[in-house]
Structures are given as structure tokens and as C-alpha cells.
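Below: one structure, written as C-alpha cells.
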Amino acid sequence: MSRGFYLFVGIVSWPIVRGLFRLTATGVEHLPAEGGFVLGVNHVSNVDPWAIGIPLWPRHRLRWMAKSELFNPVLTPMLRAIGAFPVRRGEGDAEAIRTAIRVCQGGDVLVMFPEGTRRAKGLRKKFEARPHTGAARIALAAGVPLIPAAVKGTERLARLPRVRVAYGPAVSLEESGGQPEADVAEAATEQLMSEIARLEATL
């Protein structure tokens with residue numbers, strides 16, 4: 001994704017999200033001023049990255065994983081243009097993980113939904129929303145901060161709701177006494193989910 005196109009998308013989106021949906025954001029001071037990081041967010045709508053990204057624009061460029069089923073000949077060019085890359089859910093997609101690590105180490109922001117899927121949607125769900133350690137594992141592997149965030153209002157845009165976003169302080173990724181990485185990731189994920197729930201309660 002070119003930075004020029006990303007800036008163009010932000011210019012077009014900013015008045016819509018800020019004006020029409022009256023987006024407000026709190027906790028922006030918790031975001032690193034520069035460098036890549038992982039942003040762990042609750043997932044209520046397919047447009048969550050749109051709302052989450054505007055308060056970070058234009059300083060930070062967002063990237064995210066999208067389910068591989070969406071990458072068909074029609075959607076692939078658009079998805080890649082806006083920063084998405086494919087992941088095969090439920091298969092331990094090593095290539096997607098490597099891409100995610102490169103994204104963070106390259107200075108971009110990787111948006112991840114620790115629950116793996118939206119909490120509710122109209123069709124029968126193949127994957128249930130439950131916490132996964134992927135966000136913490138990628139942050140650990142890339143050596144970047146893990147930042148919690150929450151969004152509210154994106155699930156009913158047709159009603160022109162007020163969209164609200166909150167960001168929190170970085171989650172601890174420190175190891176102690178030779179603690180296995182898997183245990184660090186588990187503990188960080190628990191803290192991440194607790195922080196996301198706390199932030200949701202403020203919206």
C-alpha cells in the first residue's frame with residue numbers, strides 16, 4: 001500500500017467519520033509517537049479499522065489481517081490497496097504471521113482483533129469469538145508495544161450513531177526468570193482483554 005494512497009483515503013474519510021459519525025477518541029496520548037506497534041481491539045463491525053485508524057492518521061499507517069476468503073479477483077486489489085493481507089483462520093498461517101511481524105518492524109501499526117471474529121453477526125458463525133494469543137505473540141516476536149483499544153458505534157452505521165474510540169496504555173510483555181514465551185503471551189492476552197473491557201466500559 002502506497003503512503004500516497006493511504007493519505008488520500010484519510011483525506012476522503014476524515015470529514016465523514018469526524019462529521020457524519022461525530023467520531024471522538026480518548027487516550028491518544030498512550031500511542032507511541034513513532035515506530036510500529038500492535039493494536040488489539042474489540043471487534044463489532046467490518047469497518048472497525050476505519051474508525052480506529054482515523055485518530056492515528058496521518059502519522060501512523062494501519063495494516064490488518066483479513067480472512068483469506070475475501071481475497072478473490074474482484075476484492076484483492078482493493079484490500080491490498082487499503083493495507084490488508086490474507087490470513088487462513090484456524091490453520092496457524094505461518095506466512096501471515098511473518099508478514100505481520102515485518103509490518104510492525106517496518107514501522108506500521110498492525111490492527112488485530114484478539115477474539116478472532118466479530119462477536120455477533122447475522123449469518124451463522126463458523127468461528128466463535130474468544131480470546132487468542134496471536135496479538136501478544138506477534139508483538140513479542142516483533143519487539144514492539146501491544147496497545148489495547150476499544151470501539152463503539154460501528155455496528156449500526158445506518159443509524160448515523162456517534163462513533164467512539166478509546167486507547168489504553170501498553171500491555172506488559174516483560175519476561176521474568178526465564179518464563180516461556182507462551183506463558184508471557186497468555187498473561188499479556190489476559191491483561192489485553194481486561195484492558196479492552198475496561199476501555200469499552202468508558203465508551
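The cluster map of Ile, Leu, Val, Met, Phe, Trp and Tyr, joined by side-chain heavy atoms under 4.5 Å apart, puts Leu203 and Val47 in different clusters.
Considering Leu39, Val41, Leu199 as possible partners of Tyr167, the one that fulfils the side-chain contact (heavy atoms from CB on, under 4.5 Å) test is Leu39.
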task = Apply the test side-chain hydrogen bond (donor to acceptor under 3.5 Å, both in side chains) to residues Glu200 and Asn42: give CA-CA distance (whole Å), side-chain angles for both, the deciding distance (0.1 Å), then the verdict.
result = CA-CA 8 Å; Glu200 280 189 273; Asn42 62 316; 3.3 Å; yes
- Task: Go through the steps to decide whether Val38 and Val144 satisfy the test side-chain contact (heavy atoms from CB on, under 4.5 Å), and finish with yes or no.
- Result: CA-CA 7 Å; Val38 177; Val144 299; 4.1 Å; yes
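Lys152 has its side chain out of reach of Val44: every pair of non-hydrogen atoms, C-beta onward, lies at least 4.5 Å apart. Side-chain contact between Leu62 and Asp108 is absent, with no heavy atoms from C-beta onward closer than 4.5 Å. The shortest side-chain heavy-atom distance between Pro169 and His30 falls under the 4.5 Å cut-off. Side-chain contact check for Phe85 versus Ser68: every heavy-atom pair is 4.5 Å or farther apart. Put simply, the side chain of Ile138 reaches to within 4.5 Å of the side chain of Met65, judged on heavy atoms.
Annotation for Glu29: atom CD counts as buried by contact number, over 12 foreign heavy atoms lying within 6.0 Å.
The line from CZ of Arg63 to CZ of Arg80 is 9.0 Å long, rounded to the nearest 0.5 Å. Put simply, CZ on Arg88 and CD on Glu69 are 11.0 Å apart, with the number rounded to the nearest 0.5 Å. Expressed to the nearest 0.5 Å, how far CD1 of Ile52 lies from CZ of Phe113 amounts to 5.0 Å.
Here the closest non-hydrogen pair linking Asp93 and Pro86 is OD2-O, 4.2 Å. The two atoms that bring Val171 and Ala188 nearest to each other are CG1-O, 3.5 Å, heavy atoms only. Nearest approach of Pro73 to Pro77, heavy atoms of both residues: O-CD, 3.6 Å. Nearest heavy atom pair, residue Met112 against residue Pro114, reads O-CD, 3.4 Å. Taking both residues in full, the closest heavy atoms of Leu70 and Ala66 are given as CD1-CB, 4.3 Å, listed atom of the first, atom of the second, then distance. In terms of heavy-atom proximity, Ala33 sits nearest to Arg59 at O-CD, 3.1 Å.
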Hey, can you pull the donor-acceptor pairs under 3.5 Å for the side chains in residues 12-25, sequence neighbours left out?
{"from": "Ser13", "atom 1": "OG", "to": "Val9", "atom 2": "O", "distance (Å)": "2.8"}
{"from": "Ser13", "atom 1": "OG", "to": "Trp50", "atom 2": "NE1", "distance (Å)": "2.9"}
{"from": "Arg18", "atom 1": "NH1", "to": "Leu23", "atom 2": "O", "distance (Å)": "3.3"}
{"from": "Arg22", "atom 1": "NH2", "to": "Leu160", "atom 2": "O", "distance (Å)": "2.8"}

Can you give each donor-acceptor pair under 3.5 Å made by side-chain atoms of residues 189-198, sequence neighbours left out, with the distance rounded to 0.1 Å?
{"from": "Thr189", "atom 1": "OG1", "to": "Ala185", "atom 2": "O", "distance (Å)": "2.7"}
{"from": "Gln191", "atom 1": "OE1", "to": "Ser172", "atom 2": "N", "distance (Å)": "3.4"}
{"from": "Glu195", "atom 1": "OE1", "to": "Arg198", "atom 2": "NE", "distance (Å)": "3.3"}
{"from": "Glu195", "atom 1": "OE1", "to": "Arg198", "atom 2": "NH2", "distance (Å)": "2.9"}
{"from": "Glu195", "atom 1": "OE2", "to": "Arg198", "atom 2": "NE", "distance (Å)": "3.3"}

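Ring to ring, His60 and Phe37 are close: their centroids are under 6.0 angstrom apart.
Under the 4.0 Å criterion applied to side-chain N and carboxylate O atoms, Glu95 and Arg102 are assigned as salt-bridge partners.
Side chain of Ser45 to backbone of Thr154: a donor-acceptor contact under 3.5 angstrom is found.
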